[in-house]
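All remarks here apply to the structure that follows.
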2 protein chains.
Amino acid sequence: MLIEEVAKLSGVSRSTVSRVINNDPNVKESTRARIKEVIRKVNYRPNSVARGLASGRTRIIGLVLPTAQSSLFTDPYYPRLIQGITAVCNARDYSVMLWLTNPEQEQNKIHQLVSDSLLDGMVIASYLIDDPILEALTKAGLPFLLIGRHPTRTDLSYLDADNFQGAREAVVHLLRLGRCRVATITGPNNMIAGIDRREGYEHAFHERGMSPDPALIVEGDFSESGGYTSMMRLIPQNPDAVFVASDTMAVGALRALRESGKRIPEDVAVVGFDDIPSAAHMDPPLTTVRQSIQGMGQLAAETLIQIVNEGTAPPHRLVLPTELVIRSSSGLCMDLIGQ
Amino acid sequence: MLIEEVAKLSGVSRSTVSRVINNDPNVKESTRARIKEVIRKVNYRPNSVARGLASGRTRIIGLVLPTAQSSLFTDPYYPRLIQGITAVCNARDYSVMLWLTNPEQEQNKIHQLVSDSLLDGMVIASYLIDDPILEALTKAGLPFLLIGRHPTRTDLSYLDADNFQGAREAVVHLLRLGRCRVATITGPNNMIAGIDRREGYEHAFHERGMSPDPALIVEGDFSESGGYTSMMRLIPQNPDAVFVASDTMAVGALRALRESGKRIPEDVAVVGFDDIPSAAHMDPPLTTVRQSIQGMGQLAAETLIQIVNEGTAPPHRLVLPTELVIRSSSGLCMDLIGQ
DNA sequence: TAAAAAATTGGGACCGCTCCCAATATTAGA
DNA sequence: TCTAATATTGGGAGCGGTCCCAATTTTTTA
């Protein structure tokens, strides 16, 4: 079924049908109703490829995720992000195209996408974006949004959780509970989220005029086994608490602590980051910093769609709040005592 | 940069450039080389929307996943599937479009996609596909592939793991170890994977002239908390082993067993299904049935692309083998004794 | 009631490719 | 060396919409 046929059946020209399809107000109400009825009756749907070619807008947004990330799909992070983004896109009648790229392909792939004019915009959740690519993106005029702030460039739109504050609060919580050898397993040092959380950790010390012992800082990789390995390296330093930069790593850290005969939280208090669904069921239930990844995905999609439709405004920099969720892995908490 | 400009720079017509782009053999080698050089130099990339409109093929395949599934993204199943599919599509220069739909939207959405001619084919991993949709898909002539066999229709192409054999072997293993009250936590009864695994469980009994006690069969929902709840319901029946239809549920089941003071495997042996990455790190390490979900995704993409390019052959029915991975949650195993 | 303004509608010109068929160049056969 | 066959190439006609501008209708205004 073509627009021309719908036009014939409605007794109008294809232009008028096109107007109805695109919600152009310049159509007489009675005409619009008649056409809509025909469209409904014959179940007409405009060919989106043709629309895309003619209008220059495809209503497709691209989502680029790094596949190198070992935690890519064992950690619910990306799945949640995807869920948030697709939910909004579905509702707004946008389609989502997905690319999982490893670093070698990534540059080439993004270039390709940019010059392909298949996309109206893209969400880039990769953390290893080098400047040439950003340059290409900017020059191509393709709207894009980073998930996770860019370490240096401030002229780009991004969305991020408040990693610094979240980490800071977690560590303040541990210090307040009287822990004095608070260690941390950080994220990768080349990921901004890892860096920001470590800085939040450090800041919590500085606020009290203290400095963390460098021996208590170990880099992790956001994976479960990475958490285990890092914790094993940390144990000889006798920490009495550890802030782990992701819940998935915390799972590994808990395992390492158990195997070493440490009691949690008596010997070592543990705080994670993310509040993944299983955090509440861990042994013991994990105190953690909650971030709404799905919410971030939703906001990302909404923001990008807005940019696409309203032209590029000044860069959007959106930072979502986090929330410390206190469970038993960090020690006695008032709620429990009350019961 | 348009094809016409490339043609001008190469001193040929756009037709010849088009031939080179599409690897048409009817081009003189010297001409082809010259054009390729120009393309490289000016970094020309054909507009895929225009190609799609002109050729009727977009090189985009759709992937439809059910979002209702509570385990959607806590279980690594779908992420892995996505990873497998995108890997192959990337390599073959296809793009993947993703839809996460809930049952209410699903029907409407698929209809929309079908009549939109944006897709060359689709992979449908949803389990609640009703006949009208399948009819629409078939009638539209859009190639599609189901992940998970259809319960009744045998004329459709699908890809599935050998759920029946995998479950059967798991239960045979438990029975051979001398367990006599082998329970099971099944998948949802409306998912074919859940049904096939339960039938494998039952068959293992029948092979030995036995029948499972119906009280030892409890339906689960493939989620961690579902596994916990189901196990709690099972414990009063005094099982000495349990076959859990997914590792994620097994996590919950282990938790329930621990809380009830049961030793694993001494009191209750446990076998899962999937072999998720954390299975080897559980306490105790989980015996489970391994299936390569990523491999399934890859094969799905390859098969669909083949169907798209070579026309619809007789329906493809591909069943991938599973493998029993014996760890300690199911009891003593020879490997361990040997050490 | 006629002219002016505003609201609708129609139709040609693309969007940037592919594809078919006719035209031209090249090679082989006699 | 000339003709037939074969290999290359060119160009028109779409693919199915959108969009602009001119034409037509309807509504206002004087």
Side-chain angles (χ1 to χ4, degrees), chain A residues 1-36 38-39 42-60 93 95 112 114-120 140-141 309, chain B residues 1-36 38-39 42-60 93 95 112 114-120 140-141 309:
Chain A
M1 177 59 60
L2 277 54
I3 196 174
E4 200 79 48
E5 308 181 49
V6 174
K8 198 154 297 170
L9 288 171
S10 313
V12 295
S13 73
R14 65 192 188 305
S15 299
T16 304
V17 177
S18 174
R19 285 187 188 95
V20 170
I21 293 169
N22 295 292
N23 266 330
D24 184 319
N26 296 323
V27 177
K28 200 199 290 177
E29 271 320 309
S30 60
T31 312
R32 180 189 307 278
R34 183 155 38 94
I35 295 176
K36 278 195 167 172
V38 171
I39 288 177
V42 302
N43 193 31
Y44 166 76
R45 286 194 204 288
N47 178 312
S48 62
V49 181
R51 296 181 89 180
L53 179 59
S55 69
R57 321 217 288 99
T58 57
R59 300 189 77 90
I60 299 173
D93 212 25
S95 299
Q112 206 171 317
V114 166
S115 51
D116 190 8
S117 74
L118 174 61
L119 267 34
D120 281 356
N309 290 320
Chain B
M1 177 61 58
L2 276 54
I3 196 174
E4 199 78 49
E5 307 181 50
V6 174
K8 197 153 295 169
L9 288 172
S10 313
V12 295
S13 73
R14 68 188 189 301
S15 299
T16 304
V17 177
S18 173
R19 284 186 189 96
V20 170
I21 293 170
N22 295 292
N23 265 331
D24 185 319
N26 297 323
V27 177
K28 200 199 290 179
E29 271 319 309
S30 60
T31 313
R32 182 190 306 279
R34 183 157 37 96
I35 296 176
K36 278 195 168 173
V38 171
I39 289 177
V42 301
N43 193 30
Y44 166 75
R45 286 194 204 287
N47 178 312
S48 62
V49 181
R51 295 181 89 179
L53 180 59
S55 69
R57 321 216 288 99
T58 56
R59 299 188 78 89
I60 300 173
D93 212 25
S95 299
Q112 205 171 317
V114 166
S115 50
D116 190 8
S117 74
L118 174 60
L119 266 33
D120 281 356
N309 289 321

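Residue numbering restarts at 1 for every chain, and letters A, B, ... go by the order of the sequence lines. Below, all heavy atoms of this structure are taken into account, side chains as well, without hydrogens, waters or symmetry copies. On a predicted model such as this, the values are computed, not experimentally measured, just so you know.
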**Study point:** All pairs passing side-chain hydrogen bond (donor to acceptor under 3.5 Å, both in side chains) where residues 10-19 of chain A contributes a residue, at least two apart
**Key:** Ser18(A)-Asn22(A)
Practice item. Would you mind classifying the nucleic acid contact of Ser117(A) as base, sugar-phosphate or nothing, using non-hydrogen atoms under 4.0 angstrom? Key: nothing
Exercise for review: For Ile21(B) and Ile3(B), run side chain to side chain contact (heavy atoms under 4.5 Å, CB included): C-alpha distance rounded to whole Å, both residues' side-chain angles, the deciding distance at 0.1 Å, then the answer.
Suggested key: CA-CA 10 Å; Ile21(B) 293 170; Ile3(B) 196 174; 3.9 Å; yes
Practice item. Go through the steps for Ile39(B) and Ile35(B) under the test side chain to side chain contact (heavy atoms under 4.5 Å, CB included), then give the verdict. Key: CA-CA 6 Å; Ile39(B) 289 177; Ile35(B) 296 176; 3.9 Å; yes
Point to revise | Nearest heavy-atom neighbours spanning Ser117(A) and Asn47(B) | key: OG-ND2, 2.8 Å
Exercise for review: For side chain to side chain contact (heavy atoms under 4.5 Å, CB included), just list the numbers for Asp93(B) and Arg59(B), CA-CA rounded to whole Å, side-chain angles, deciding distance to a tenth of an Å, and then say yes or no.
Suggested key: CA-CA 7 Å; Asp93(B) 212 25; Arg59(B) 299 188 78 89; 4.1 Å; yes
Exercise for review: Apply side chain to side chain contact (heavy atoms under 4.5 Å, CB included) to the pair Val12(A) and Arg34(A), showing each step before the final yes or no.
Suggested key: CA-CA 10 Å; Val12(A) 295; Arg34(A) 183 155 38 94; 4.2 Å; yes
Check your understanding: Closest approach of Asp24(A) and Val27(A), non-hydrogen atoms and distance?
Key -> O-CG2, 3.8 Å
Point to revise | Those residues of residues 8-15 of chain B lying under 4.0 Å from DNA chain C by at least one heavy atom | key: Arg14(B), Ser15(B)
Practice item. Grab the two heavy atoms, one from Ser48(A) and one from Asp116(B), that are nearest each other, plus how far apart they are. Key: OG-OD1, 2.8 Å
Check your understanding: Could you give the angle between the helix axes at the two ends of the helix from dT1(C)-dA30(D) to dA30(C)-dT1(D), with five pairs per end, rounded to 10 degrees?
Key -> 40°
Exercise for review: Could you check which residues of residues 46-56 of chain A get a heavy atom under 4.0 Å from DNA chain C? Sort them by number, please.
Suggested key: Leu53(A), Ala54(A)
Practice item. Just grab all the salt bridge (charged side-chain N to carboxylate O under 4.0 Å, His left out) pairs involving residues 45-57 of chain B, residues at least two apart or on different chains. Key: Arg57(B)-Asp120(B)
**Study point:** Interface limits on DNA chain C, where chain A has a heavy atom under 4.0 Å of a nucleotide atom
**Key:** dT8(C) to dG16(C)
Check your understanding: Does Arg32(A) pair with Glu29(A) as a salt bridge, N-O distance under 4.0 Å?
Key -> yes
Practice item. Nearest whole angstrom, please: distance from the P of dT8(D) to the CZ of Arg19(B). Key: 11 Å
Point to revise | Within-4.5 Å side-chain heavy-atom neighbours: Val20(A) and Lys36(A) | key: yes
Check your understanding: Does the Thr58(A) side chain pair with the main chain of Leu118(A), one donor and one acceptor, at a distance under 3.5 Å?
Key -> yes
Point to revise | Short side-chain N/O contact to dG17(D) OP1/OP2 from Tyr44(A), under 4.0 Å | key: yes
**Study point:** Taking every non-hydrogen atom, the tightest pair across Gly52(B) and Val49(A)
**Key:** C-CG1, 3.8 Å
Point to revise | Side-chain N or O of Asn26(B) closer than 4.0 Å to phosphate OP1/OP2 of dT9(D) | key: no
